[in-house]
Amino acid sequence: MKEYKFFEQVNKAFDKAAAYTKLDKGFLEQMKACNDVLHIQFPIERDDGSVIVIDGYRVEHSHHKMPTKGGIRYSTMVSEDETMALAALMTYKCAVVDVPFGGAKGGIKIDPKNFSVTELERVTRRYTYELYKKNFIGPGNDVPAPDYGSSAREMGWIFDTYRQLTNDIDAEGCVTGKPLGQGGIRGRTEATGRGVYFGIKEACSNKEDMEELGLTTGLDGKTLVVQGLGNVGYHSAKYLTEAGSILTGVAEWDCSIHSDKGIDLEELMAYKKETGSIKGFKGTKTLKTNKSVLETKCDILIPAALENQINEENAKRIKAKIIGEAANGPTTSAAHEIIKERGALIIPDNYLNAGGVTVSYFEWLKNIQHVRFGRMGKRFEENSYKKILSVIETISDRKFTDKELEFLAQGGGERELVDSGLEETMVNAYNEINNLRKHHGVDLRTAAFISAINKVGSMYEGMGIFP
Ligand code: GLU
């Protein structure tokens, strides 16, 4: 098997799309380049008193818009190549969904499962201190977020470390995905999965496209296989099954399970919590390998784990009609061609998993505005709706019940506004790239890259090079 080079894979997809744009070759080269690549090595004292050296990375791929934005991954697979590729994907992803940030990504090369909470806190705080010293963090320059292996807890430590080091009035905006009590926003935890749901729902509502795949419109009754039951995989599966899709397969790092009859997601999560694995869950068959379930018959396949999961080795055996890339880089370029040839639809990562960064954008806006969404307007909206409802009551002779009134006169609070902003973003961006797909006769990934290149490129237009 060929060596997997992630950054090269991203650039291959970029080059394919660049051929459909009118940008100058030099600017295209600059757009692909990583502006800043930081590799740090720092010592950490473990709970037993021993000292180990940790490798950390932060890559700011593009400064065409500031701040740069992207998660921090905690995984033993972290490398410079991976961080560069993921940072580049952030640039294109933000552009596709009109989130005004440049792309960045961070990585800490550890397996968090092998570290205690206090050790993880020391690692995170020291990493943040290193970023601060090197000017790789701040609400106006580079804003991290959760990614594979990290969550709100780590973001809370990052924020706390940063605010000890500065008296920046906007310190809360130095990181997103924070706990609610520390400047986080409602809806951020579920945002990526929620965005995956909105994106797939929009794709499945297009009659012409579904007919091409031999599918009916809508999510109801569609069979679904998910790889990875982490935050993104779980929430994607939750919203899709709530909309009527049937979960027939799940893959985790240690095994995969399948059932034609459907798997109850909440029961499975409880089982996993109790036993530490999905292996042997009632009513399911445990398959040979952890990836076998990806090859079972289904309408929608959602890789929600890591890169390079669908590659030359297994692509030919993948039967799904729709592949929704919740993870970053799950399909290699060779596998993409094989799947495309078969006529399946790949909804690409640089669009589909943008829900996380979209809600991060809302959180950052809340932080630098120092006001919660809905605080100014909620009551005003409710009072206006009540006035309209009372007019309806007078002219229609019909009295609303208290329950009806509460339902009909609801103003937008933070949760509702975040959800509405996310849906608007995912629906608009889908139609934008789907139109480009049809216009150029390309696939959706290439269309998303064309969209991104044109948007990033417009920042260069008419501008000279400084100095
Ligand atoms: N880590 C997420 C991603 O890959 C979110 C990044 C962010 O919110 O900045 O898109």
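Ligands are counted one by one from 1 in listed order, and the atoms in each one are counted from 1 as well. Only heavy atoms go into these numbers, but all of them, side chains included; no hydrogens, no water, no symmetry mates. If you're wondering where the values come from, they're calculated on a predicted model, not measured in any experiment.
Between the side chains of R437 and N434, a donor-acceptor pair is found at a separation under 3.5 Å. A donor-acceptor contact closer than 3.5 angstrom links the side chains of N431 and E202.
A cation-pi contact, defined as under 6.0 Å to the ring centre and within 45° of the axis, links R46 to F115. Cation-pi geometry between R125 and Y129 is not satisfied (NZ or CZ under 6.0 Å from the ring centre, within 45° of the ring normal).
For ligand 1, residues of the protein lying within 4.0 angstrom by heavy-atom distance are K69, G70, G71, M90, K93, K105, A145, P146, D147, R188, N328, G356, V357, S360.
Residues forming a salt bridge (charged side-chain N to carboxylate O under 4.0 Å, His left out) with D299 (at least two apart in sequence, or on another chain): none.
Ion pairing between a basic and an acidic side chain is recognised when a charged N comes within 4.0 Å of a carboxylate O; R186 and E190 show no such pairing.
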